[in-house]
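Comments concern the structure below.
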Amino acid sequence: SPLILLVSFIVPPIGMAGLLSLVISIITGHLLGFDKHQLVSGIFTYSAILFGFGFAANYETGFAFYLMLVIGSILSLLFSVAVSSKLNRNNLPALSIAFILTIWLVILSARQFAGLGLSQRHIYWVNETYDLGGSFLVAFVQTIESIQLPVFVTGFLRSMSAIIFQGNITTGFLLSIGLLVHSRIAFLLAILGYAVALWFNQLLGGFNAGDISYYNLGTNFMLVSIALGGFYIIPSIRSFLWTLVTVPIAYLMVVGLGSITFAYGLPVFSLPFCITVILFIYCLQLRKQIGKLTLTPVQYYSPEKNIYQ
């Protein structure tokens with residue numbers, strides 16, 4: 001989405017890396033002769049954009065950074081094509097699996113390269129925002145960041161911004177406005193997913209509301225709710241109610257899989273979201289009776305449009 005790319009420039013290095021990854025993946029795709037529609041529409045390239053965002057959020061820019069950005073973007077494209085080809089045969093979405101495989105490989109290999117240094121960008125990001133938009137943009141950002149909001153709201157907004165590997169309220173606010181304009185159902189499902197995760201968390205006595213958005217964790221729950229509440233399944237009261245089940249499943253995967261990946265120094269990223277959604281859709285396809293939960297037969301990329309099929 002152009003909006004996501006535009007908002008990502010709130011932290012300029014992250015936005016620039018995402019844009020470069022997109023350009024690199026599109027050029028490579030054209031050179032290799034991949035389907036032009038799937039390249040331009042983002043089906044084959046959005047994992048490369050995520051890789052650019054994630055890579056820039058964690059590493060300092062420099063020659064080694066840009067060299068790895070090129071290689072990683074191409075690798076992400078190849079993974080996207082291969083994974084999509086396999087899963088689409090079973091009418092299953094590839095989601096962000098290609099991104100996860102690529103960023104994990106890069107993180108593991110980066111430890112061996114002295115030219116790649118970890119970034120403190122998440123701490124000093126306002127300085128880079130000033131370099132892009134000067135005092136006006138910084139004043140706008142600081143005004144939003146200084147607003148006193150309930151913990152639930154700030155956690156939701158930071159989780160929204162974590163989609164593009166940022167942790168600030170401004171980015172989350174702008175993305176939330178964009179999502180609301182695009183689809184009121186998706187926006188409502190995002191809130192519902194986050195609320196169910198917090199509710200389940202409190203029942204188990206786990207993290208506090210502020211910690212749940214660390215890295216991409218809160219995002220997992222919101223994306224699961226949107227995907228299974230109104231995107232891959234036609235929106236209905238039942239699809240909304242099933243969020244009470246699918247989000248806790250994703251929560252268990254965040255904690256369980258996160259414990260495994262942490263042992264190797266790897267964030268879990270959006271892996272719980274991918275597994276939960278693919279597992280649920282695949283199981284629905286195995287039903288002997290269709291039932292009340294209806295898989296979306298033709299994807300219009302909008303819950304509102306998916307209803308009227």
Side-chain angles (χ1 to χ4, degrees), residues 47 50-51 53-54 57-58 83 92-108 111 118 122 150-169 172 175 189-229 231-233 239-284:
S47 279
L50 289 177
F51 166 72
F53 289 157
N58 288 283
V83 174
L92 295 171
L95 302 177
S96 53
I97 293 177
F99 151 70
I100 297 168
L101 294 175
T102 304
I103 195 73
W104 277 356
L105 286 172
V106 168
I107 291 175
L108 290 172
R111 301 168 187 170
L118 293 174
H122 61 287
V151 175
F152 173 86
V153 177
T154 57
F156 175 84
L157 294 176
R158 293 185 190 279
S159 293
M160 186 66 74
S161 72
I163 293 175
I164 55 176
F165 296 92
Q166 299 182 24
N168 60 79
I169 296 174
L175 289 178
L189 284 167
I191 296 175
L192 177 62
Y194 190 74
V196 171
L198 287 182
W199 167 73
F200 187 69
N201 167 74
Q202 290 181 347
L203 289 179
L204 295 180
F207 306 108
N208 64 54
D211 291 337
I212 204 170
S213 63
Y214 178 72
Y215 248 109
N216 213 17
L217 303 189
T219 309
N220 275 287
F221 312 130
M222 292 152 59
L223 292 178
V224 165
S225 182
I226 294 173
L228 297 178
F231 194 80
Y232 294 109
I233 295 174
S239 71
F240 273 60
L241 290 175
W242 269 98
T243 301
L244 297 173
V245 176
T246 56
V247 169
I249 289 175
Y251 191 105
L252 292 180
M253 290 193 182
V254 164
V255 177
L257 295 175
S259 299
I260 297 174
T261 60
F262 181 77
Y264 295 94
L266 297 171
V268 71
F269 291 119
S270 53
L271 183 62
F273 156 67
C274 293
I275 294 178
T276 302
V277 171
I278 292 174
L279 175 64
F280 198 73
I281 293 175
Y282 181 68
C283 289
L284 289 182

(request) Would you indicate whether the side-chain heavy atoms of I249 and L279 approach each other to under 4.5 Å? (result) no
(message) For F99 and F165: C-alpha separation, side-chain torsions, deciding distance, then whether ring pair (Phe, Tyr, Trp, His ring centres under 6.0 Å) applies.
(response) CA-CA 13 Å; F99 151 70; F165 296 92; 5.6 Å; yes
(message) Side chains of I233 and L284, heavy atoms from C-beta outward: is any pair under 4.5 Å?
(response) yes
(request) Identify the heavy atoms of A195 and F152 that sit nearest to each other, and give their distance. (result) CA-CE1, 3.9 Å
(request) Compare every heavy atom of G229 with every heavy atom of L189, then report the nearest pair and how far apart it is. (result) CD1-C, 3.5 Å
(request) Apply the side-chain hydrogen bond (donor to acceptor under 3.5 Å, both in side chains) test between Y251 and each candidate in N201, T276, N220; give the one that qualifies. (result) N201
(message) As an exercise, state the distance from CG of L192 to CG of L241, rounded to the nearest 0.5 Å.
(response) 9.0 Å
(request) Give, for atom CG of L271 and atom OG1 of T261, the distance between the pair rounded to the nearest 0.5 Å. (result) 8.0 Å
(request) Decide side-chain contact (heavy atoms from CB on, under 4.5 Å) for V247 and F200; before the verdict, give the C-alpha distance in whole Å, the side-chain angles of both, and the deciding distance to 0.1 Å. (result) CA-CA 9 Å; V247 169; F200 187 69; over 6 Å; no
(request) With side-chain contact (heavy atoms from CB on, under 4.5 Å) as the test, would you mind laying out the steps for I275 and L257 before giving the verdict? (result) CA-CA 11 Å; I275 294 178; L257 295 175; 3.7 Å; yes
(message) Looking at every non-hydrogen atom in both residues, tell me the closest pair between R111 and Y264 and how far apart they are.
(response) NH2-O, 2.8 Å
(request) Would you give the length of the straight line joining atom CG of L223 to atom CD1 of I163, rounded to the nearest 0.5 angstrom? (result) 5.0 Å
(message) Would you say that F269 contacts W104 through its side chain, given a criterion of any heavy-atom pair below 4.5 Å between the two side chains?
(response) yes
(request) State, yes or no, whether a side-chain contact exists between C274 and I100 at a heavy-atom distance under 4.5 Å. (result) yes
(message) Distance check, rounded to the nearest 0.5 Å: L108 atom CG versus L266 atom CG?
(response) 4.5 Å
(message) Assess the residue pair F51 and V106 against the criterion (side-chain contact (heavy atoms from CB on, under 4.5 Å)); give the C-alpha distance rounded to whole Å, side-chain angles, the decisive distance to 0.1 Å, and a yes or no.
(response) CA-CA 10 Å; F51 166 72; V106 168; 3.6 Å; yes
(request) Under the side chain to side chain contact (heavy atoms under 4.5 Å, CB included) rule, collect the residues that match up with L101, sequence neighbours excluded. (result) F79, I97
(request) Provide the closest heavy-atom pair for V245 versus P248 in the form atom of the first, atom of the second, distance. (result) O-CD, 3.3 Å
(request) Check P272 against A250 and note the closest heavy-atom contact, atom names and distance. (result) CB-O, 3.8 Å
(request) Report the distance from atom CG of L204 to atom CH2 of W199, rounding to the nearest 0.5 Å. (result) 9.0 Å
(message) Going by the rule side chain to side chain donor-acceptor pair (under 3.5 Å), which residues pair with S96 if we only count those two or more places apart in sequence or in a different chain?
(response) S270
(request) Decide yes or no for T243 and L228: does some side-chain heavy atom of the first lie under 4.5 Å from some side-chain heavy atom of the second? (result) no
(request) Indicate yes or no: at least one non-hydrogen side-chain atom of F221 is less than 4.5 angstrom from one of L198. (result) no
(request) Please answer whether the main-chain N or O of V151 pairs with a side-chain N or O of T154 as donor and acceptor at a distance below 3.5 Å. (result) yes
(request) Compare all side-chain heavy atoms of F280 with those of W242 and state whether any distance is below 4.5 angstrom. (result) yes
(request) Please report the shortest heavy-atom distance between P267 and I107, naming the atom on each side. (result) CD-CD1, 4.0 Å
(request) Flag the pair T219 / M160 as yes when at least one side-chain heavy-atom distance between them is below 4.5 Å, and no otherwise. (result) no
